[in-house]
Amino acid sequence: MTLVLIGYMGSGKSTIGRKLSKILNYEFIDFDIYIENNIGMKIHEIFKTKGEVFFRKQERLSLGQVVKRKHAVIALGGGTPCYGDNLKLIKQEKQVVLIYLKSSINNLVDRLFDEKSGRPLISHLESKDELLEFIGKHLFERAPVYEQSDITIKTDGLSVDDVVKSILLQLF
Ligand code: S3P
């Protein structure tokens, strides 16, 4: 089995994924870091110097490399399942359980406002109101993709341990 975590930026994919992988004794792949290592640049540098189209192409190539892993937990980037044939590529792997970490817009704004500098899509937004409007529109476009997951966990009000427990209960 391989667990693939998806959801908007700031939904906790990396934190939850790392914890799950330890409990299950699975390999953990933080997909943004995997891409950074492949290219030898940080995500925000890739966007700045090569542009988003280049990033999305590299993201697709890297996804092809990791999606066949067995006994792994993979925390994807927020946009990964939303481009090209990426969702199809993930879902055609029979060993994959796709998990959506679903957070409300207000929670995402609170979490992302202080950490937007490393995230090129939102780093230019100056106020919480601007961030709220951006996420509202963006999530409206992306949610139909996220909703195609096998398991959806509503994370609002839950601790990291609660989310991990809830995923494990649905899996076993
Ligand atoms: C992106 C999310 C980021 C990263 C890149 C683009 C997106 O990952 O892949 O900045 O399109 O939502 P996180 O969700 O891990 O922040």
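One is the number of the first residue; the rest follow in order along the sequence. Counting starts at 1 for both ligands and their atoms, in listed order. If you're wondering where the values come from, they're calculated on a predicted model, not measured in any experiment.
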Using only heavy-atom distances, determine whether the side chains of Gln148 and Tyr100 contain a donor-acceptor pair under 3.5 Å. no
Can you list every protein residue that has a heavy atom under 4.0 Å from any atom of ligand 1, sorted by chain and residue number? Met9, Lys13, Asp32, Ile43, Phe55, Arg56, Gly77, Gly78, Gly79, Arg119, Pro120, Leu121, Arg142
Distance-only check: which donor-acceptor pairs under 3.5 Å involve side-chain atoms of residues 79-90, not counting sequence neighbours?
from: Thr80; atom 1: OG1; to: Glu59; atom 2: OE2; distance (Å): 2.8
from: Thr80; atom 1: OG1; to: Gly77; atom 2: N; distance (Å): 3.0
from: Thr80; atom 1: OG1; to: Gly77; atom 2: O; distance (Å): 3.1
from: Asp85; atom 1: OD1; to: Arg60; atom 2: NE; distance (Å): 2.8
from: Asn86; atom 1: ND2; to: Thr80; atom 2: O; distance (Å): 2.7
from: Asn86; atom 1: ND2; to: Tyr83; atom 2: O; distance (Å): 3.4

All side chain to side chain contact (heavy atoms under 4.5 Å, CB included) counterparts of Lys22, not counting sequence neighbours: Arg18
Partners passing salt bridge (charged side-chain N to carboxylate O under 4.0 Å, His left out) against Lys42 (at least two apart in sequence or in another chain):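 Once residues adjacent in sequence are excluded, the partners of Lys42 under the salt bridge (charged side-chain N to carboxylate O under 4.0 Å, His left out) criterion are Glu36.
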So do the side chains of Leu101 and Val163 get within less than 4.5 Å of each other, counting heavy atoms only?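 The answer is yes; the side chains approach within 4.5 Å.
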Please say whether the positively charged group of Lys57, taken as NZ for Lys or CZ for Arg, lies over the ring of Phe55, i.e. under 6.0 angstrom from the six-membered ring centre and within 45 degrees of the axis. no
